Student: 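Pasting a structure below so you can have a look.
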Amino acid sequence: MSEEKSLNFLEEIIEKDIETGKHGGRVLTRFPPEPNGYLHIGHAKSICLNFGLAQQYGGKTNLRFDDTNPSTEEVEYVNSIKMDVNWLGFQWDQELYSSDYFEQLYSFAVILIQKDLAYVDDSTAEEIAATKGSPTEPGIPTIYRSRSIEENLKLFEEMRSGKYPDGAKVLRAKIDLASPNMHLRDPLLYRIKHVAHHRTGSDWCIYPMYDFAHGQSDAIEEITHSICTLEFIPHRPLYDWFIDQLAIFPSHQYEFARLNMTYTIMSKRKLLQLVNEGHVTSWDDPRMPTISGLRRRGYTPKSIRHFCELIGVAKRENNIDMGLLEYCIREDLNKSAWRRMAVLDPIKLIITNYPEGQEELLQGENNPEVEDGDGSRSIPFSKELWIERDDFMENPPKKFFRLGIGLMVRLKSAYIVKCEDFVKDKNGNICEIKCSYIPESKSGHDTSGIHVKGTIHWVSVPHAQTAEVRLYDRLFQVEDPSSEEGDFKEYINPNSLQIVKPAYIEPDLMNAPSGKNYQFIRKGYFVLDKESTPQHLIFNRTVTLKDTWAKLSTNH
RNA sequence: UGCCCGAUAGUAUAAAGGUAGUACAACUGGUUUUGGUCCAGUUUGUCUAGGUUCGAAUCCUGGUCGGGCAACCA
């Protein structure tokens with residue numbers, strides 16, 4: 001181990017376990033999603049942790065679907081989860097399902113019954129809740145708690161054989177109805193559900209509860225470090241109890257704080273609501289914090305992995321600044337994304353002294369961060385250009401390094417121009433800007449000796465192509481939507497999507513392959529959307545560039 | 001009112017009884033054919049009250065604050 005890097009608490013535990021030879025120094029983790037929804041950035045944290053720790057210590061990680069509740073689970077979710085884990089860059093050792101262990105779990109339950117540690121209870125859900133007591137009052141036994149082992153064995157078998165309807169009976173552990181830990185007050189082990197399962201079909205009509213499936217699945221796989229989130233801390237004594245009573249492999253559960261992030265939500269239930277009620281278009285809507293949403297938005301696996309590394313792992317509640325995620329994608333894309341020019345809010349600029357009908361092909365480097373510019377592309381230039389409307393001001397303030405009467409700017413990769421005049425339409429809106437250019441200032445061959453403060457991007461009018469550009473912003477207007485008063489949906493940002501149609505793009509962008517990230521110079525990072533076609537290009541904005549000018553001008 | 005977790009700059013995360021450090025954010029300046037990047041620098045912190053100790057973010061006790069637990073969900 002390097003002496004420099006400090007360890008998080010899980011790394012410390014694992015290093016100690018390796019040192020003391022626990023499990024023969026073996027490390028086996030698991031990522032255990034329930035296939036009842038799409039993975040989000042919070043799952044990414046767990047994935048990076050489980051797979052990352054195993055990698056770090058020469059171990060392996062299983063992908064295990066925690067599919068014990070057939071009413072909510074679907075194959076569609078299984079597939080999306082596998083896709084997302086792979087996309088993030090991780091390979092699991094074995095693909096497993098809790099449902100693979102149904103037979104084994106059933107025999108575990110039989111063992112508990114034989115040890116008089118489990119019983120069949122005919123009470124209704126309400127009766128069971130009522131007899132559990134409260135945190136300050138002990139629970140009381142139902143009349144079924146004293147059934148004989150033989151009767152329990154028989155009834156449990158009948159439950160399995162389908163003799164009883166949903167809700168008629170449950171199997172409960174016999175532990176301690178007075179325990180200060182509510183999870184130990186005779187928790188449910190099995191419930192009857194005449195529901196088809198996405199893998200086992202109609203083989204079963206009783207299904208194990210989470211607590212009776214998870215730890216035992218860990219034990220069956222001989223997981224050495226079972227890592228989950230904080231809310232499972234009170235379950236740990238139960239987890240250990242089953243392992244003790246069944247005398248199976250002693251997996252151990254460790255808990256860390258789940259990820260929260262500003263301006264978004266992380267609850268699957270709430271995300272599902274956003275989809276179902278049409279606040280977003282789908283699970284992979286680029287505004288969603290889902291892995292698939294981030295992918296469609298233009299985030300790279302590398303940037304997400306880096307993010308998970310930076311946020312760290314600890315046991316205290318956290319609310320990570322969305323800005324950190326944005327920093328991670330900017331940092332990645334700055335080094336890799338090719339630069340292109342696109343004008344999103346166009347106004348025409350006419351170069352009065354450039355010959356009518358003349359055009360030339362200029363060269364622009366793909367990425368100034370890379371040696372040799374990572375190659376270059378040709379950019380057609382002509383007398384009429386599109387530029388951004390806000391790159392001109394009729395009455396420019398001090399320190400406005402763009403266009404205004406008498407001001408000069410560099411047209412990126414082209415010439416320096418000086419603004420001479422502008423034209424207004426009959427409504428008084430500026431519709432045209434007139435400039436003269438300095439022929440000796442051509443990019444790369446500048447002999448003019450003139451230095452200007454500002455450089456702006458542009459697209460030649462006769463060569464411009466068009467595209468739809470979708471500008472995404474944060475989904476919520478407040479940092480922590482779920483802690484605000486009222487319904488979280490009241491805080492949705494009404495301007496989270498702004499559609500620019502058409503935007504003018506330089507011709508080279510017509511060749512953009514799907515999934516390739518670009519930087520539109522001065523505007524941000526963009527990627528082709530999956531709905532894009534060659535006839536109708538659609539770009540998604542991943543993130544803006546940092547904009548200190550915008551900050552300055554809004555602050556004053 | 002019971003049990004269980006937690007508390008270090010704005011946000012995260014280190015410091016294992018001995019200099020409170022790092023990243024992001026913010027701010028200043030420099031470089032720059034992107035008001036981007038890059039570089040240099042600045043500001044901001046141990047929840048509280050006691051105790052142990054030569055010395056406490058760290059150990060002990062009390063308090064405060066935040067979170068979790070009483071689903072036939074996971």
Side-chain angles (χ1 to χ4, degrees), chain A residues 5-8 12 32-34 36 66-69 71-73 121 123-125 128-130 132-139 166-172 179-185 188-193 206-207 209-211 213-214 228 230-237 255 257 262 268-269 310-328 330-331 334-335 339 341 364-365 368-369 399-402 409-414 416 441 443-444 446 451-457 479 519-524 544-553:
Chain A
K5 196 187 175 296
S6 58
L7 305 176
N8 66 45
E12 282 179 10
E34 182 189 14
N36 68 345
D66 221 336
D67 56 349
T68 57
N69 184 0
S71 339
T72 57
E73 297 155 6
D121 195 321
S123 308
T124 63
I128 289 177
K132 272 209 177 177
S134 73
T136 50
E137 303 162 293
D166 289 8
K169 288 179 166 48
V170 292
L171 184 73
R172 297 177 74 177
S179 171
N181 182 342
M182 298 297 290
H183 294 276
L184 262 22
R185 319 251 266 226
L188 271 61
L189 271 32
Y190 271 90
R191 76 287 216 191
I192 301 172
K193 258 182 199 275
I206 58 171
Y207 292 95
M209 301 290 290
Y210 165 85
D211 284 308
H214 202 99
C228 63
L230 254 28
E231 65 269 28
F232 291 99
I233 289 178
H235 295 247
R236 184 168 6 108
E255 311 86 6
T262 58
K268 267 192 203 172
R269 202 190 89 246
L310 290 185
I311 58 180
V313 182
K315 295 188 81 141
R316 91 165 118 153
E317 312 280 339
N318 58 75
N319 198 8
I320 306 281
D321 193 336
M322 176 70 91
L324 189 62
L325 220 209
E326 296 179 341
Y327 160 80
C328 289
R330 285 193 189 107
E331 192 217 37
N334 175 50
K335 299 233 163 50
R339 272 57 168 172
M341 294 197 282
E365 56 188 356
E369 297 295 313
K399 296 205 173 173
F400 185 74
F401 306 139
R402 307 180 189 181
V409 296
R410 155 86 53 190
L411 296 170
K412 177 75 184 172
S413 301
I416 292 174
S441 67
S443 189
D446 190 344
H451 292 281
V452 294
K453 280 276 204 177
T455 299
I456 65 172
H457 60 282
E479 280 203 6
Q519 182 192 106
F520 290 179
I521 291 173
R522 299 208 301 146
K523 296 271 81 173
T544 61
L545 258 27
K546 276 171 71 176
D547 191 347
T548 49
W549 169 249
K551 201 181 294 179
L552 272 179
S553 43

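We name chains A, B, ... by the order of the sequence lines, and we start the count at 1 in each one. Worth saying up front: this structure is predicted, and the values here are computed from it rather than measured.
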Student: What are the two closest non-hydrogen atoms of A:Tyr210 and A:Thr68, and how far apart are they?
Tutor: N-OG1, 4.4 Å

Student: Once you round it to whole Å, what is the distance between C1' of B:rU11 and CG of A:Leu324?
Tutor: 9 Å

Student: Is A:Lys268 paired with A:Glu34 through a side-chain N to carboxylate O contact shorter than 4.0 Å?
Tutor: no

Student: Below 3.5 Å, does any donor atom in the side chain of A:Ser413 face an acceptor in the base of B:rU33, or the other way round?
Tutor: no

Student: Over how many whole Å does the gap from A:Asn318 atom CG to B:rA14 atom P extend?
Tutor: 11 Å

Student: Is the shortest heavy-atom distance from the side chain of A:Leu230 to the side chain of A:Glu317 under 4.5 Å?
Tutor: yes

Student: Write down the distance between CG (A:Asn36) and P (B:rA71), rounded to a whole number of angstrom.
Tutor: 19 Å

Student: Students often get this wrong, so: under 4.0 angstrom with heavy atoms, is A:Ser123 touching a base, only sugar-phosphate, or nothing?
Tutor: base

Student: If you look at every heavy atom in A:Leu545 and A:Gln519, which pair is closest and at what distance?
Tutor: CD1-NE2, 3.9 Å

Student: Regarding B:rA71, can its base be found pairing with the side chain of A:His183 as donor and acceptor, where the two atoms are less than 3.5 Å apart?
Tutor: no

Student: Give me the distance, rounded to whole Å, that separates B:rU13 from B:rA20 when you measure between the C1' atoms they each carry.
Tutor: 13 Å

Student: Choosing from B:rA71, B:rA14, B:rC73, which nucleotide comes nearest the side chain of A:Asn8?
Tutor: B:rA14

Student: Can you tell me how far apart CZ (A:Arg236) and CG (A:Asp211) are? Round to the nearest 0.5 Å.
Tutor: 13.5 Å

Student: Could you check whether A:Ile233 gets within reach of a base, just the sugar-phosphate, or nothing at all, counting any heavy atom under 4.0 Å?
Tutor: sugar-phosphate

Student: Taking the side chain of A:Arg339 as its heavy atoms from C-beta onward, which of B:rU1, B:rU34, B:rC69 lies nearest to it?
Tutor: B:rU34

Student: How long is the line joining CG of A:Leu7 and P of B:rA14, in whole Å?
Tutor: 10 Å

Student: Using a 4.0 Å heavy-atom cut-off, does A:Asp446 contact any base of the nucleic acid, only the sugar-phosphate backbone, or nothing at all?
Tutor: nothing

Student: Just call it for A:Glu137: base, sugar-phosphate, or nothing, with non-hydrogen atoms closer than 4.0 Å on any strand.
Tutor: nothing

Student: What's A:Ile311 touching, base or sugar-phosphate or nothing? Going by heavy atoms closer than 4.0 Å.
Tutor: sugar-phosphate

Student: From NE2 of A:His457 over to P of B:rU34, roughly how many Å is that when rounded to an integer?
Tutor: 13 Å

Student: Give the minimum heavy-atom separation between A:Leu310 and A:Tyr327, together with the two atoms involved.
Tutor: CD1-CE2, 4.0 Å

Student: When all nucleic acid strands are considered with a 4.0 Å heavy-atom cut-off, which category describes A:Ala314: base, sugar-phosphate, or nothing?
Tutor: sugar-phosphate

Student: Does the ring of A:Trp549 meet both stacking tests against the six-membered base ring of B:rG35: centre distance under 5.5 Å and plane angle under 30°?
Tutor: yes

Student: For B:rG67 versus B:rU46, give the span between their P atoms, rounded off to a whole number of Å.
Tutor: 22 Å

Student: For B:rU64, which nucleotide in any strand shown is its Watson-Crick or wobble partner with both distances under 3.5 Å?
Tutor: B:rA7

Student: Which whole-number value in Å describes the distance from A:Glu479 CD to B:rA25 P?
Tutor: 15 Å

Student: Looking only at atom C1', what distance separates B:rU11 and B:rA26, rounded to whole Å?
Tutor: 12 Å

Student: Please tell me which of the listed nucleotides, B:rG2, B:rA74, B:rG36, lies nearest to the side chain of A:Phe232?
Tutor: B:rA74

Student: In Watson-Crick or G-U wobble terms, both distances under 3.5 Å, what is the partner of B:rU28?
Tutor: B:rA40

Student: Look at all strands and tell whether A:Asn181 reaches a base, only sugar-phosphate, or nothing, counting heavy atoms closer than 4.0 Å.
Tutor: nothing

Student: Here's a test of your reading of the structure: between A:Pro180 and A:Gly444, which maps to the more 5' nucleotide of RNA chain B?
Tutor: A:Pro180

Student: Establish, with yes or no, whether the OP1 or OP2 oxygen of B:rC73 is under 4.0 angstrom from a side-chain nitrogen or oxygen of A:Arg191.
Tutor: yes

Student: Would you say the base of B:rU37 and the side-chain of A:Arg330 have a donor-acceptor pair closer than 3.5 Å?
Tutor: no

Student: Could you pull out the closest heavy-atom pair between A:Ile311 and A:Leu324, with the gap in Å?
Tutor: CG2-CD2, 3.8 Å

Student: Categorize A:Phe400 for me: base, sugar-phosphate, or nothing, with a 4.0 angstrom heavy-atom threshold over every strand shown.
Tutor: base

Student: Counting the atoms with a prime plus P, OP1 and OP2 as sugar-phosphate, which does A:Pro33 contact under 4.0 Å by heavy atoms, base, sugar-phosphate, or nothing?
Tutor: nothing

Student: Looking at B:rG68, does its base get a donor-acceptor pair with the side chain of A:Glu317 below 3.5 Å?
Tutor: no

Student: Taking only the P atom of each, what is the distance from B:rG68 to B:rA12 in whole angstrom?
Tutor: 16 Å

Student: Taking all non-hydrogen atoms of both residues into account, name the closest pair between A:Lys132 and A:Met182 and its distance.
Tutor: O-CE, 3.9 Å

Student: On a plain distance test, is the side chain of A:Arg522 in donor-acceptor contact with the base of B:rU34 below 3.5 Å?
Tutor: no

Student: Taking atom P in both B:rG66 and B:rU22, compute the distance separating them and give it to the nearest angstrom.
Tutor: 32 Å

Student: For the side chain of A:Thr455, starting at C-beta, report the closest nucleotide among B:rU33, B:rA12, B:rA74.
Tutor: B:rU33

Student: Applying the Watson-Crick and G-U wobble criteria at under 3.5 Å, what pairs with B:rU22? Answer none if nothing qualifies.
Tutor: B:rA12

Student: Taking the minimum atom-to-atom distance to the side chain of A:Glu12, which one of B:rU13, B:rC4, B:rA16 wins?
Tutor: B:rA16

Student: Measuring only the C1' atom in each nucleotide, how far is B:rG35 from B:rG29? A whole number of Å is fine.
Tutor: 15 Å

Student: Counting Watson-Crick and G-U wobble pairs only, both distances under 3.5 Å, name the nucleotide matched with B:rG45, or none.
Tutor: none

Student: Reckon A:Lys399 touches a base, only the sugar-phosphate, or nothing at all at heavy-atom distances under 4.0 Å?
Tutor: base

Student: I want to check one thing: is the phosphate of B:rG36, taken as OP1 and OP2, less than 4.0 Å away from some side-chain N or O of A:Lys523?
Tutor: no

Student: Rounded to the nearest angstrom, tell me the gap between atom CD1 in A:Ile320 and atom P in B:rG10.
Tutor: 16 Å

Student: Answer with base, sugar-phosphate or nothing: what part of the nucleic acid does A:Ser443 contact at a heavy-atom distance below 4.0 Å?
Tutor: base

Student: Regarding A:Arg339 and A:Glu365, does a basic nitrogen lie under 4.0 Å from an acidic carboxylate oxygen?
Tutor: no

Student: Taking only N and O in the side chain of A:Thr68, is any of them less than 4.0 Å away from OP1 or OP2 of B:rA74?
Tutor: yes

Student: Which one, B:rC4, B:rU1, B:rA12, comes nearest to the side chain of A:Thr136?
Tutor: B:rU1

Student: If pairing requires Watson-Crick or G-U wobble contacts with both distances under 3.5 Å, which nucleotide is the partner of B:rG17?
Tutor: none

Student: Taking B:rG41 as the reference, what is the distance to B:rU31 when you measure between their C1' atoms (whole Å, please)?
Tutor: 15 Å

Student: Under 4.0 Å, heavy atoms only, any strand: does A:Gln519 hit a base, just the sugar-phosphate, or nothing?
Tutor: base

Student: Between A:Tyr327 and B:rC24, does any side-chain N or O lie under 4.0 Å from OP1 or OP2?
Tutor: yes

Student: Please determine if a side-chain N or O atom of A:Lys546 lies less than 4.0 Å away from the OP1 or OP2 oxygen of B:rU37.
Tutor: yes

Student: Please compare A:Val452 and A:Glu73 by the position of their nearest nucleotide in RNA chain B and report the one closer to 5'.
Tutor: A:Val452

Student: Which part of the nucleic acid, if any, lies within reach of A:Glu34 when heavy atoms closer than 4.0 Å are counted: base, sugar-phosphate only, or nothing?
Tutor: sugar-phosphate

Student: Using atom P in both nucleotides, what's the gap between B:rG10 and B:rU44 to the nearest angstrom?
Tutor: 11 Å

Student: Taking all heavy atoms of A:Ile416 and all of A:Ser441, pick out the closest pair and write down the distance.
Tutor: N-OG, 2.8 Å

